[in-house]
Structure formats: C-alpha cells, structure tokens
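In what follows, every heavy atom counts, from backbone to side chain, and hydrogens, waters and symmetry copies are set aside. Note that the coordinates shown come from a computational prediction; the quantities given were computed from them, not determined experimentally.
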Amino acid sequence: MWNVRFVTLVGIVVAATAMRLVPHPPNVTPIAAIALFGGAHFASKRAAVAVPLLAMCLSDLLLGFGVHRVMPFVYGSFALIVVLGRLIGDRRSTLAVGGAALTGSVLFFVITNFGVWLLSDLYPRTMEGLVACYVAAIPFFRNTLVGDLLYAGALFGGFALAERRFPALRRQSLPVLCFEGLPRVRAIIRQQRGRPGGNSYRRP
C-alpha cells in the first residue's frame, strides 16, 4: 500500500515538473534536480527511476516535444543523475547535494551535446566539430547550472523541513525491538521443549 511519504514524493515530483510548463529562462528547469531528488528519496529503485522519468516524459508530451534522435542521450543522462541521487542516500548535506547537482549538470551537458554532435547535421564529425558543439552550448550550460542548483536546493531543503514538521514523511526503519525480542522467544521455545508435550519443535 502506498504510504504518505511515497504519495508526497510523487506529488512533489509532479509539481516540480509542472514548472516546465510556465514561462522560464532558457534551460532554467527542474529536470536534473527532479532526477537527483527522486534518486535520493524514493526507497524503491524502480520508483526512483520510473517516477521522475514518467514525469519528464509527460511534460515532454505536453510541451510538444516529439521523438528525436538525441532523446536516448537526454533520458540516459537523466537516468544517470537518478543514480547520483541514489549514491547520496541519506547523506543529504548541503555540500553533498550541491556537489551532486553540479556533477549532474556537467553529465547532462557532456552527454547531450555529444549526442547532438554525433547524430545531428549541425557540426562536422571531427574533433573541431565536437569542440565547436560544446563551445556553442556554454551559454545554455550556465542557465542549466543555475536551474539545477536552484531547484535542487528548493526540493531537498523544502522536503527536509517538511520531514521535521511531519514525522509521517520520514523514512521508516525496522523497529529494533523486533530483534531485541528474539532471545526472549528462543528462551521460551527452549522452556517448552523441556516440558511434557513441548517437544513438537524438535527435529527427528
């Protein structure tokens, strides 16, 4: 059954993704931040990948982005940023989140622009063409970096505050009492074995 934490995380991802639909500066979007946030917070690996990817795909459809040759590079880099979020785990300090957001921005820049150079007709398939592709994309990278850091701070910081305010949003762990009670259970079983009719647990 879905718990409050999971439903809240899905709602945050959907709401953040919807920011792509409102006017914004070029490349100042929450895409990489959503991938990082989902990877760090969803307990299930499948949900960590599926929820952000589905949200991104839905927003692409609403924005009218069709299937294009560079799409595997875009979604592939997005999936790698989810993995970065998984690596953060519960170590969600400002330094860790900021470093992961910066790494994600660089990954997205390198991978997607390599795809543009490799599959489009905009640049020659030479080292000079590859360099020209990356140089032309630098102005967009600055905006990407700003958006990634801004949205990562808002998502991680906002949810951290919500976890403090609402205990139901915190990730639940197995109760320690379950393990502390095992010796007690074993002692009871041993006592039962020593009584008449209490040897049903013995092996033949």
Side-chain angles (χ1 to χ4, degrees), residues 1-90 92 96-113 115-116 140-141 143-163 166 168-172:
M1 181 180 295
W2 290 357
N3 56 31
V4 175
R5 177 185 172 89
F6 180 82
V7 173
T8 303
L9 289 174
V10 172
I12 291 174
V13 169
V14 172
T17 307
M19 296 300 295
R20 298 183 70 195
L21 307 179
V22 301
H24 57 269
N27 282 40
V28 182
T29 64
I31 292 303
I34 289 170
L36 197 64
F37 178 82
H41 287 85
F42 282 104
S44 166
K45 293 180 181 179
R46 293 182 179 179
V49 175
V51 174
L53 280 176
L54 288 174
M56 180 178 176
C57 183
L58 179 60
S59 63
D60 280 348
L61 291 175
L62 293 175
L63 289 169
F65 294 159
V67 178
H68 51 84
R69 290 184 291 178
V70 186
M71 185 175 289
F73 292 85
V74 174
Y75 280 81
S77 60
F78 190 77
L80 286 177
I81 298 173
V82 173
V83 174
L84 282 177
R86 301 295 295 178
L87 294 176
I88 292 177
D90 292 327
R92 297 189 288 269
V97 173
L102 176 60
T103 303
S105 299
V106 174
L107 277 176
F108 190 85
F109 174 80
V110 172
I111 294 173
T112 56
N113 283 290
V116 170
F140 299 97
F141 175 69
N143 283 10
T144 298
L145 185 58
V146 170
D148 292 348
L149 292 174
L150 176 66
Y151 280 106
L155 291 175
F156 279 86
F159 191 71
L161 292 176
E163 283 181 309
F166 304 104
L169 296 179
R170 299 169 189 168
R171 183 175 293 177
Q172 301 298 318

Checklist entry - Does the Asn143 side chain pair with the main chain of Val28, one donor and one acceptor, at a distance under 3.5 Å? => result no
Checklist outcome for this item: Test side-chain contact (heavy atoms from CB on, under 4.5 Å), reference Thr144, set Asn27, Thr112, Ile31, output is Asn27
Next on the checklist: To check you understand the geometry: which heavy-atom pair defines the closest contact between Pro52 and Val13, and what is its length?
Outcome noted: CA-CG1, 4.2 Å
Next on the checklist: Is there a side-chain contact between Val106 and Leu145 in this structure, where contact means two heavy atoms from C-beta onward sitting under 4.5 Å apart?
Outcome noted: no
Checklist entry - Which heavy-atom pair separates Ala152 from Ala33 by the least distance, and what is that distance? => result N-CB, 3.4 Å
Checklist entry - Do side-chain atoms of Arg86 reach the backbone of Leu36 as a donor and acceptor pair under 3.5 angstrom? => result no
Next on the checklist: Looking at every non-hydrogen atom in both residues, tell me the closest pair between Ile81 and Ala35 and how far apart they are.
Outcome noted: CG2-CB, 3.8 Å
Item to check | Leu9 vs Phe6, side chain to side chain contact (heavy atoms under 4.5 Å, CB included): CA-CA, chis, key distance, verdict | outcome: CA-CA 5 Å; Leu9 289 174; Phe6 180 82; 5.7 Å; no
Item to check | From CZ (Phe78) to CD1 (Ile111), nearest 0.5 Å | outcome: 13.0 Å
Checklist entry - Going by heavy atoms in the side chains, are Leu62 and Arg20 under 4.5 Å from each other? => result no
Item to check | Sequence-distant partners of Phe156, ring-ring contact (aromatic ring centres under 6.0 Å, His included), two or more places apart | outcome: Phe37, His41
Checklist entry - Are the side chains of Thr29 and Met19 in touch, meaning some heavy atoms are under 4.5 Å apart? => result no
Checklist outcome for this item: Correct closest heavy-atom pair for Leu21 and Ser59 would be CD2-O, 4.3 Å
Checklist outcome for this item: Smallest heavy-atom separation, Gly38 atom then Ala48 atom, equals O-CB, 3.6 Å
Item to check | Verdict with supporting geometry, Arg5 and Phe159, side chain to side chain contact (heavy atoms under 4.5 Å, CB included) | outcome: CA-CA 10 Å; Arg5 177 185 172 89; Phe159 191 71; 3.6 Å; yes
Checklist outcome for this item: So OG1 of Thr17 and CD1 of Ile34: to nearest 0.5 Å the spacing works out to 3.0 Å
Checklist entry - Do Tyr75 and Leu53 pass the side chain to side chain contact (heavy atoms under 4.5 Å, CB included) test, and can you show the C-alpha distance, the side-chain angles, and the key distance before you say yes or no? => result CA-CA 8 Å; Tyr75 280 81; Leu53 280 176; 3.6 Å; yes
Item to check | Stepwise side chain to side chain contact (heavy atoms under 4.5 Å, CB included) check, Val74 with Phe108 | outcome: CA-CA 7 Å; Val74 174; Phe108 190 85; 4.1 Å; yes
Item to check | Side chains of Val51 and Phe42 in contact at under 4.5 Å (non-hydrogen atoms) | outcome: yes
Item to check | Interatomic spacing from CG in Leu150 to CG in Leu155 - rounded to 0.5 Å | outcome: 9.5 Å
Item to check | Side-chain heavy-atom pair Ser77, Phe109 within 4.5 angstrom cut-off | outcome: no
